Protein chains: 2
Amino acid sequence: METAPPATEPDEAPVRRSRGRPRKTANERDDGNRRQALLRAAARLFRQQGFDATSTRDIAAAVGMRSGSPFYHFENKEALLAAVMEEGMQRALDHQRARMDAAVAAAPGPLSARDCLRVLVRSHFDNLLGPESDHIPVMLYEWRVLSDGQKRAVNRLKDDYEAVWVPVLQALQRDGALGGDLRIARLMLFGALNWAAQWYVPDGRASLDDLTETTLQLFLKESRA
Amino acid sequence: METAPPATEPDEAPVRRSRGRPRKTANERDDGNRRQALLRAAARLFRQQGFDATSTRDIAAAVGMRSGSPFYHFENKEALLAAVMEEGMQRALDHQRARMDAAVAAAPGPLSARDCLRVLVRSHFDNLLGPESDHIPVMLYEWRVLSDGQKRAVNRLKDDYEAVWVPVLQALQRDGALGGDLRIARLMLFGALNWAAQWYVPDGRASLDDLTETTLQLFLKESRA
DNA sequence: CCTACCGATCGGTAGG
DNA sequence: CCTACCGATCGGTAGG
């Protein structure tokens, strides 16, 4: 069953007339707004209480809807969770790319592997711990709820995300700056970073920049070169 | 309401007579068996499916009980979870101490900080990934379910567990073998280790010894000395 | 520890 | 997107 577009204009539509060209597809725009609101509320509640402990009624109430209405936007509760994760991963990927591009553009010469890692770690902390960043923790801690097909969809994005890291870690290992088996080193690095979702408090003693510096000091040795 | 001891002997009691001194408190012994069976089944199911997704009926069925019977042994579902975590933490602590004592006894001279860390990491992997080791992953991933009082009880054990690590990490940092802020380094180290509960498969390519070696190679630099 | 049961909650739907 | 509703499941209990 697909979600059909609403057949009628809501009668609480804004009274103010649109100037200039007509608002295209007021319904669609509203639809997008409500859908986005649901995703944001779901991400926050899923993170705070867990997927199972959050009822679709909780989510509906958080955005001022009645209990049945979320199912107008999402086929079921699982699909809502999958959408939270996919959007989170897509945004994380976009953010990572933007940060890398900006760093490359800002640097006078080519970036060292060390500099690349700094950018990747810093943007990872943004994605994990920054404002409005519940999506990724939800992905990390509610993974098992997804169906196999949903996992595959999110995994495609995760692969893209990790693909940026691999050559950087390889280069660091070649330089002797990173020890251990590469695959396990990567998993442990992500573990160290992702674990911060469990203990980091934004107003605490350390900023995300501080975390980033500590990460580099902890994981990198002096290069051979 | 407290769980009262059963007023009657179960009539499926073993027919064989006890020789020697009478089995003291046959009920108690049986009680312990059933309680232990519930804890094991609960740990396994909580880990596989999550706390909320596991019904007390699932747990009862797993040990051959009817739906209401777990509540003879545990006041409620939360208390069962708390017991799983407390037992897991207590056993982990015992295992850690035994491993350390054995290493000290086996060594010809005093243990280096590096050797201590190796023992601690290795025993941590046992606790996290070894056979019959669902309790600790459950503790890591269902923490938020506990009440404040339950958290406090488990935290006392966690503090004891971590207390063994702190001087070792301090010594390594003094030697220049460990970089970064000490508190954050500790959290990141535990993150790297604990994350393995998400990806490690026992029959896979790496043994727990392999994981331990990679951990040391990844986190430790050459000592200054 | 079982039998029999209850009240509450929940995901989801029909129909507008 | 709301109203009204349903079937299923669940944690937990009384009484033996």
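Bear in mind the structure is a predicted one, so any value in this text is a computation, not a measurement. Within every chain, numbering begins at 1; the chains are lettered A, B, ... in the order of the sequence lines, protein sequences first and strands thereafter.
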_Using whole Å, what does the distance between atom P of nucleotide D:dC10 and atom CD of B:Glu78 come to?_
17 Å
*Ignoring hydrogens and angles, state whether a donor on the side chain of B:Gln150 or B:Glu86 is under 3.5 Å from an acceptor on the partner side chain.*
no
*Base-pairing mate for C:dG16 - Watson-Crick or G-U, with both contacts under 3.5 Å*: D:dC1
*What nucleotide among C:dC5, D:dC1, C:dT13 has an atom nearest to a side-chain atom of A:Phe71?*
C:dT13
*Counting heavy atoms not belonging to A:Arg183, are there more than 12 under 6.0 Å from its CZ?*
yes
*Evaluate the ring planes of A:Tyr161 and A:Phe190, with Trp represented by its six-membered ring, and classify them as parallel (under 30°), tilted (30 to 60°) or perpendicular (over 60°).*
tilted
*Answer yes or no: are there more than 12 heavy-atom neighbours, outside B:Arg144 itself, under 6.0 Å from its atom CZ?*
yes
_Can you measure B:Tyr72 atom OH to D:dG15 atom P for me and round it to whole angstrom units?_
18 Å
*Do any side-chain nitrogens or oxygens of B:Ser69 fall under 4.0 Å of OP1 or OP2 in C:dC2?*
yes
*Among C:dC1, C:dC2, C:dG11, find the nucleotide with the atom closest to the side chain of B:Arg66.*
C:dC2
_Between P on D:dC10 and CD1 on B:Ile59, what's the gap in Å once rounded to a whole number?_
11 Å
_Phosphate contact (D:dC1 OP1 or OP2) by A:Arg34 side-chain N/O below 4.0 Å_ = yes
_OP1 or OP2 of C:dT9 versus the side-chain N and O atoms of A:Ser55: is any pair under 4.0 Å?_
no
*Between A:Arg57 (CZ) and D:dC1 (P), how many Å, whole number?*
17 Å
*Flag the pair A:Phe219 / B:Phe219 as yes when their ring centroid distance falls below 6.0 Å, and as no otherwise.*
yes
*In whole angstrom, what separates A:Asp58's CG from C:dG12's C1'?*
16 Å
*Across all strands, who's sitting opposite C:dA8 as a Watson-Crick or G-U wobble pair, both distances under 3.5 Å?*
D:dT9
*Quick one: A:Asp52 CG to D:dA8 P, roughly how many Å, whole number?*
20 Å
*When you measure from the side chain of A:Met65, which nucleotide among C:dG12, D:dC10, D:dC1 comes out closest?*
D:dC1
*asked:* Rounding to an integer number of Å, can you tell me how far B:Leu80 CG sits from D:dG12 C1'?
replied: 14 Å
*Between atom CG in B:Leu81 and atom P in D:dG12, what is the gap in whole Å?*
12 Å
*Of the candidate nucleotides C:dG11, D:dG11, C:dC1, which contains the atom at the shortest distance from the side chain of B:Lys77?*
D:dG11
